[in-house]
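Just below is one structure, and these are the notes that go with it.
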Amino acid sequence: MSSGHRLRDVEQHRPLLDGEDAAVRNPGGGGGRLWFIQDGCGVVCAVITWFLVLYADFVVTFVMLLPSKSFWYAVVNGVAFNSLAILALASHLRTMLTDPGAVPKGNATKKYMESLQLKPGEVVYKCPKCCSIKPERAHHCSICKRCIRKMDHHCPWVNNCVGEKNQRFFVLFTMYIALISSHALALCGIHFITCVRVQWSECSDFSPPVTVVLMIFLCLEGILFLTFTAVMFGTQLHSICNDETEIERLKNEKPTWERQTRWVGLRSVFGGRPSLLWINPFAGFKLPTFLPKRTRRGGAEFSI
């Protein structure tokens with residue numbers, strides 16, 4: 001590397017890595033890899049998320065809809081609620097198992113620097129934690145142990161960072177959870193009124209005390225989930241439209257990049273022109289074959 005090129009560490013100065021000893025395969029960083037973060041807290045939070053969604057589906061289906069005397073009321077609401085629940089869980093999986101935009105680990109080598117063909121005096125930033133060349137707007141995640149492009153935040157409920165490549169799925173996840181929460185609360189209100197009118201007789205296959213307890217827990221869950229996901233959905237759309245991640249906003253970073261317009265920002269996240277594919281978490285999905293490979297600390301790597 002010529003003397004005119006400068007490499008600046010983000011937090012402290014460390015020497016460049018030499019040779020192939022620094023090379024680490026990118027878990028999920030492209031090339032058909034399934035991304036998964038081995039974080040105990042994140043895994044527990046993800047399991048809790050699935051449990052709560054399945055609990056809501058159980059109460060809605062078996063406590064409120066199946067005992068209903070109106071066939072079409074049960075069918076329409078059952079299909080709608082279960083469809084939204086499937087889309088929510090699919091969005092959760094895509095968010096959790098998609099590489100958020102990880103920078104290749106350990107690429108700060110002399111050979112790689114020379115391949116960049118930098119201009120004299122040009123500054124390149126190196127992350128001292130994962131020894132990678134940091135692109136503009138990338139931030140290091142201490143949980144993923146990687147630098148993530150356009151990192152918005154790390155969400156334990158999806159056990160992953162929300163970044164450049166999986167933000168669309170996170171937005172869909174918050175949207176569908178907010179929708180099924182609203183739907184569940186509406187059904188709880190209707191079912192409660194129905195049970196009061198018939199004095200809790202023949203309004204459920206469960207006893208009145210059990211029905212009340214199940215509905216109370218569902219209402220509490222619906223209120224909490226609706227509040228949280230609606231706020232997150234709004235902040236995500238705000239970040240996309242303003243071309244500013246949550247980290248950049250909290251750090252009050254002055255933009256060194258040219259801000260995209262709202263329309264361009266939405267298209268860059270959701271892809272292409274507006275269509276049903278924007279709200280389809282299955283779009284672009286490919287079935288992986290699980291052939292695990294050992295990697296250093298961080299995301300586990302699976303061949304496809």
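Side chains included, hydrogens not; waters and symmetry mates left out as well; all remaining heavy atoms used. Source: prediction; values computed, not measured.
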Handout entry: Donor-acceptor contact present, side-chain D152 to main-chain E246, <3.5 Å
Key = yes
Exercise for the section: Report whether V43 and M96 are members of the same hydrophobic cluster (ILVMFWY, side-chain heavy atoms less than 4.5 Å apart, transitive linking). Expected result: yes
Problem - Sequence-distant partners of H140, ring pair (Phe, Tyr, Trp, His ring centres under 6.0 Å), two or more places apart - result: none
Practice task
Identify the two heavy atoms, one from R149 and one from A102, that lie closest to each other, and give their separation to 0.1 Å.
Solution key: NH1-O, 3.4 Å
Check: residues 271-282 side-chain donor-acceptor pairs under 3.5 Å, at least two apart:
residue, atom, partner, partner atom, Å
S275, OG, L277, N, 3.3
W278, NE1, G271, O, 2.8
W278, NE1, R273, O, 3.1
N280, OD1, F282, N, 3.0

Handout entry: Note, T49 side chain near V158 side chain (heavy atom, < 4.5 Å)
Key = no
Exercise for the section: First locate atom OG of S68, then atom CD1 of I190, and finally report the distance between them rounded to the nearest 0.5 Å. Expected result: 10.0 Å
Practice task
State, yes or no, whether a side-chain contact exists between N159 and I143 at a heavy-atom distance under 4.5 Å.
Solution key: no
Exercise for the section: Determine yes or no for a side-chain-to-main-chain donor-acceptor pair under 3.5 angstrom, with D99 supplying the side chain and G101 the backbone. Expected result: yes
Fill in the blank from the handout: Rounded to the nearest 0.5 angstrom, the OG-CD1 distance for S91 and I86 is 11.5 Å
Handout entry: From T261 atom OG1 to R267 atom CZ, the distance as rounded to the nearest 0.5 Å
Key = 9.5 Å
Problem - Within one Ile-Leu-Val-Met-Phe-Trp-Tyr cluster: L66 and F206, side-chain cutoff 4.5 Å - result: yes
Exercise for the section: Could you tell me whether a side-chain N or O of N242 sits under 3.5 Å from a main-chain N or O of S239, the two making a donor and an acceptor? Expected result: no
Handout entry: Transitive ILVMFWY side-chain link L220 to V212, under 4.5 Å
Key = yes
Handout entry: Sole residue of R259, R137, R262 in side chain to side chain donor-acceptor pair (under 3.5 Å) with D243
Key = R137
Exercise for the section: Report the residues that fulfil side chain to side chain donor-acceptor pair (under 3.5 Å) with Q167, sequence neighbours left out, ordered by chain and then residue number. Expected result: Q236
Problem - Validation row: N160, P100 side chains within 4.5 angstrom (heavy atoms) - result: yes
Completion exercise
Between G163 and N166 the two heavy atoms that sit nearest each other are N-OD1, 2.8 Å
Exercise for the section: Decide yes or no for V53 and L89: does some side-chain heavy atom of the first lie under 4.5 Å from some side-chain heavy atom of the second? Expected result: yes
Practice task
Measure from the side-chain N and O atoms of Y55 to the backbone N and O of L214, and report whether any donor-acceptor pair falls under 3.5 Å.
Solution key: yes
Problem - Backbone N/O of K134 and side chain of S132: donor-acceptor pair under 3.5 Å - result: no
Exercise for the section: Can you tell me which residue pairs pass the salt bridge (charged side-chain N to carboxylate O under 4.0 Å, His left out) test with a partner in residues 53-72, sequence neighbours excluded? Expected result: K69-E202
Practice task
Answer yes if the side chains of T229 and T174 hold a donor-acceptor pair under 3.5 Å, and no otherwise.
Solution key: no
Problem - Heavy-atom closest contact (P67 atom, T61 atom, distance) - result: CD-O, 4.5 Å
Practice task
Would you confirm whether T98, through its side chain, and T95, through its main-chain N or O, come within 3.5 Å as a donor-acceptor pair?
Solution key: no
Practice task
Using a 4.5 Å cut-off on heavy atoms from C-beta on, say whether the side chain of M151 contacts that of T245.
Solution key: no
Exercise for the section: Kindly work out whether a path of hydrophobic side-chain contacts (I/L/V/M/F/W/Y, heavy atoms less than 4.5 Å apart) joins V171 to I148. Expected result: no
Handout entry: Worked check of side-chain contact (heavy atoms from CB on, under 4.5 Å) between C131 and K105
Key = CA-CA 6 Å; C131 298; K105 200 171 185 180; over 6 Å; no
Practice task
Report the residue from F173, F169, Y176, F170 that forms a side-chain contact (heavy atoms from CB on, under 4.5 Å) with H92.
Solution key: F173
Handout entry: Common cluster, L54/V210, ILVMFWY with side-chain heavy-atom separation under 4.5 Å
Key = yes
Problem - Atom CZ of F192: over 12 foreign heavy atoms under 6.0 Å - result: no
Handout entry: Atom CZ of F62 with >12 non-hydrogen neighbours under 6.0 angstrom
Key = no
Practice task
Please tell me if the side chains of W50 and L93 come closer than 4.5 Å, counting only heavy atoms from C-beta onward.
Solution key: yes
Exercise for the section: Answer yes or no: is there a donor N or O on one side and an acceptor on the other, between the side chain of H191 and the main chain of C203, under 3.5 Å? Expected result: yes
Handout entry: Co-members of V264 in a cluster of I, L, V, M, F, W and Y side chains, linked at under 4.5 Å
Key = none
Practice task
Can you see which heavy atom on E244 is nearest to which on E248, and at what distance?
Solution key: CA-OE1, 3.6 Å
Practice task
Start with the C-alpha gap between R146 and K129, add the side-chain angles, then the distance that decides, and say whether side-chain contact (heavy atoms from CB on, under 4.5 Å) holds.
Solution key: CA-CA 8 Å; R146 302 291 291 274; K129 295 180 179 179; over 6 Å; no
Handout entry: From CZ (F233) to CG (L179), nearest 0.5 Å
Key = 8.5 Å
Handout entry: Residues forming a side chain to side chain donor-acceptor pair (under 3.5 Å) with E136, sequence neighbours excluded
Key = T256
Practice task
Could you grab the distance from atom CD1 of I177 to atom CE of M232, nearest 0.5 Å is fine?
Solution key: 13.0 Å
Fill in the blank from the handout: Correct closest heavy-atom pair for G42 and D39 would be N-OD2, 2.8 Å
Exercise for the section: Quick one: pull up SG in C188 and CD1 in I223 and give me the separation to the nearest 0.5 Å. Expected result: 9.5 Å
Problem - Evaluation steps, side-chain contact (heavy atoms from CB on, under 4.5 Å), between N77 and H183 - result: CA-CA 9 Å; N77 283 284; H183 195 182; 2.9 Å; yes
Problem - Taking every non-hydrogen atom, the tightest pair across H154 and C161 - result: ND1-SG, 3.3 Å
Completion exercise
side-chain contact (heavy atoms from CB on, under 4.5 Å) test vs C147 passes for just one of P135, P104, C130, C141, namely C130
